[in-house]
Every structure is written in structure tokens, then in C-alpha cells.
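Note that ligands are numbered from 1 as they come in the structure, with each ligand's atoms numbered from 1 the same way. Note that the coordinates shown come from a computational prediction; the quantities given were computed from them, not determined experimentally. Numbers here simply count residues along the sequence, with the first being 1. What you see below is based on every heavy atom in this structure, not just the backbone, and it leaves out hydrogens, waters and symmetry mates.
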Amino acid sequence: MSAVVTRLPVMRPWLGDEETAAVAEVIASGWVAQGPRVAEFEERFAASQQVEHAVATSSCTTALHLALAVAGIGPGDDVVVPSFSFIATANAATYVGARPVFADVCELTGNVTAHTIERVLTPRTRAVVVVDQGGVPVDLDAIRELCDARDILVVEDAACGAGSTYRGRPVGAGADVTAWSFHPRKILTTGEGGMLTTPHADWALRARRLREHAMSAGAADRHAHVLAPQEEYLEIGFNHRMTDLQAAVGIVQLGKLPEIVARRRELAATYTAALAGDQGLRVVRDPSYGTTNFQSYWVEVLDAHPRTRDEVLEALADAGVSARRGIMATHLEPAYRRHSGRVAQLPVTERLTRRTLILPLFHQMAASDQGRVLDVLLEPGA
Ligand SMILES: *Cc1c(COP(=O)(O)O)cnc(C)c1O
């Protein structure tokens, strides 16, 4: 590998002077923890995602934890989750003492379906966590029909989903409660950060309380008084708060969301046009019922391809391109192997996790950057 070739990352956040100015303003204000900027970010996020209530958190993982807690999920309950997801989806069920039950996914979308969920329901199933994997919207209507008839709650892990749509609306709006991520690997970033959204006012209220140690009056409220009212701790809560420093960045990022998604879809279209004729590769696409933000642009390396997935990754690495293995299969990780005797067959999950890879895609990516990736993938004999 030539030393002059710069390494091409798989993702790079699009941050600039506006975010820097927003953070500087918060620092100058002297209020850096959860406060007015967090409240403003929540309001703007709820409006943009067409949901009634938004509660900012320290991450999507903590938002998922709160989502299951406010939904009343706990010990003795089964929670259906895709294994084909980042491990945090299953971990959230484990945190509240419930048992994650893994469902397989559809090979076209990488998402659970009403059919794959139905196959693993048990008499103890109380919730399903659906994921918009890599930004591809989950087909929610059929899942709601299945779950509503059985009093099973639908939680959406939209960590990757900001800017994706389902039947003309933003994803996440049709679930009982939805969790979002602002990690730099996702569409919008606040460094670390997350959001819980829900149509249920009482769940939002309880989530707000639980994220702040279950205090009866939050720190920002008490600060508004010279002699702060005595707070009470109504139950055992957590510290899952976002800071105003993060929220200030989030407000700027949210304003850029349409531009970020448009650029990602443009770059994805270039990949798709170049790779469509390749018999050895299958690329991710919009499903019939919605649009993806292409948070992850993944390709499946088929049997017809002269190289295996790992050989393609090596060839890309030799050219200085950091692609990534596809989405993980949680049930194959040591942390969940104790479940192994009880895990249903997950053939699609295992095939996709073994044969997919994620290509670099980020806002500032130049045509020449994409050319470097495509040169490797389209090499004669490759
Ligand atoms: C990234 C991701 C998470 C975790 O998000 P954090 O904000 O890092 O906690 C959870 N679920 C899915 C599907 C993810 O992709």
C-alpha cells in the first residue's frame, strides 16, 4: 500500500463552525449540564419526527433502557428482538430483567417482520423491539396488527433511522416508544447522545424523571429558585441525562438533517448504479413502503462472486479503504451464548452477518473517494 494514499473512513460526522459556535455559546452561558438547550432540542426533535413527546438521553442504549422501563417490562417477560442488530438492542431487555428472544430477519431489508416475530412468540412475550437496521425502515403496520391483537408493546430502535420514512412519515412515529442515537456512526451526532420519543404523555413524564435519578424536581427547576424546593426521590432512577453542550450541537445537526439525507441518497445512488450489473453483489435498496437514509450502505457478497466477503474486505483495506463487516449477529456473541440452547434457527441472520459488508459513505465524500472504492469492487476478476 502506498504511503501517500490517505485512508478512507467508513463514516465521518459532518460538523463545522456552526456546531463550534453553538458549543461556545453554552460554555459562555455557564450552564453546561441538562438545561434550556436540552429542552429546545427535545421540542425541535419531536416536531421534526412528528411525535408528541421527546426526552433526551445520554445514548440510544440508555433511551432503550428507559423505553422498556416506562413500558413496564421486567423480570418474567420475554422481549422479541432481532439478533441481527447492534448488541445494545438485546442488552436493553437484559437490563430490565427480561429475557431477549431472538427473531430472524428479512433478507432484503435486514429487519424483523410480522412473520419472523410470530414464529418466536411465547405466552410471556410482552414487547417487541423492532429495528430500522442501517436506516432501512421496518414494515411496521403488519407488526402492529400482530402485536396489538395480543397486547404486545411495540418498541422501535431507530438508532440508525433519523431521516428515513415509513409510508410517508418519519420512522419511529408509529411505535409505542422509540429510541434514537446521536453517536458519530449515526446520521446526526452530539458526540454521544440519544432520544426517547413516545405518543404517551405519562411515559414521557416518567422517562424524564427516571433519567434524572427519579427526582421530583429536576436540577434545572431547582436552579431557578434561590431557595430550592426540597426534592423527593420517588423510585430508583438513573443518570441517563444529555448535557446542554451536546444538545446545542444536536440542534444544529437537526437543522442539517434534510441535507445530510439528500447527500447520502445521492452517494448511494452512485454506488447502486455502478454495482447493479455485478452478478456477485447484492446492494441494499429502498423497500416498497418507504425510504432509507442509507445510514449504512451494505452489500451482500454472493456465491457468484469470485472473492469471499473477507477477501473483498482485505482488497479494500489494501487500497486504504476502511469498509466494515456487516451487522453483527448478537446470538453468536459470547455474552449471549448461554442462550444458545434456546435460540431458534436464524438462517438469514447468520447468512447476512457472514456475507455482508458496509461501504464508506459520508457527507463530505468526493467522487474520487467513491471511485477508489468502486475500482476495487469492479476490478477485473475480483
Ligand atoms: C448504534 C446502535 C445502538 C446504540 O446506540 P448508542 O447511542 O451508541 O447507545 C442501538 N441500536 C442500534 C440498532 C444501533 O445501531
Identify, by atom number and element, the atoms of ligand 1 in contact range of S85, meaning under 4.0 Å from any of its heavy atoms. 13 (C)
Show me which atoms of ligand 1 lie under 4.0 Å from any heavy atom of F86. 2 (C), 3 (C), 4 (C), 12 (C), 14 (C)
Any salt bridge between E235 and R206, counting N to O under 4.0 Å? yes
Give the contacting part of K186 toward ligand 1: side chain, backbone, both or neither, where contact means a heavy-atom distance below 4.0 Å. side chain
So, are D77 and R124 salt-bridged, with charged N and O less than 4.0 Å apart? no
Does R337 come within less than 4.0 Å of E333, counting only side-chain N to carboxylate O? no
Smallest separation among heavy atoms of T89 and P82, with atom names: CG2-CD, 4.3 Å
Flag the pair E314 and R309 as a salt bridge only when some basic side-chain nitrogen lies within less than 4.0 angstrom of an acidic carboxylate oxygen. no
Enumerate the atoms of ligand 1 whose separation from the nearest heavy atom of C160 is less than 4.0 angstrom. 15 (O)
Do NZ/NE/NH1/NH2 and the carboxylate oxygens of R355 and D303 come within less than 4.0 Å? yes
Which bit of C60 gets closer than 4.0 Å to ligand 1, counting heavy atoms only: side chain, backbone, both or neither? both
Heavy-atom contacts with S59 under 4.0 Å: which atoms of ligand 1 show up? List them by number with element. 7 (O), 9 (O)
Of the choices D157, T190, L64, which has the non-hydrogen atom that lies closest to atom 13 (C) of ligand 1? D157
Between T89 and ligand 1, find which residue part has any heavy-atom pair under 4.0 Å and reply side chain, backbone, both or neither. side chain
Are more than 12 heavy atoms, taken from residues, nucleotides or ligands other than E311, located less than 6.0 Å from that residue's CD atom? yes
Under 4.0 Å from any heavy atom of V131, which atoms of ligand 1 are there? 13 (C)
With a 4.0 Å cut-off, would you call E42 and R211 a salt bridge? yes
Atom 9 (O) of ligand 1 [closest protein heavy-atom partner, distance rounded to 0.1 Å]: T61 OG1, 2.5 Å
Closest approach of any protein heavy atom to atom 7 (O) of ligand 1, naming residue and atom: S181 OG, 2.7 Å
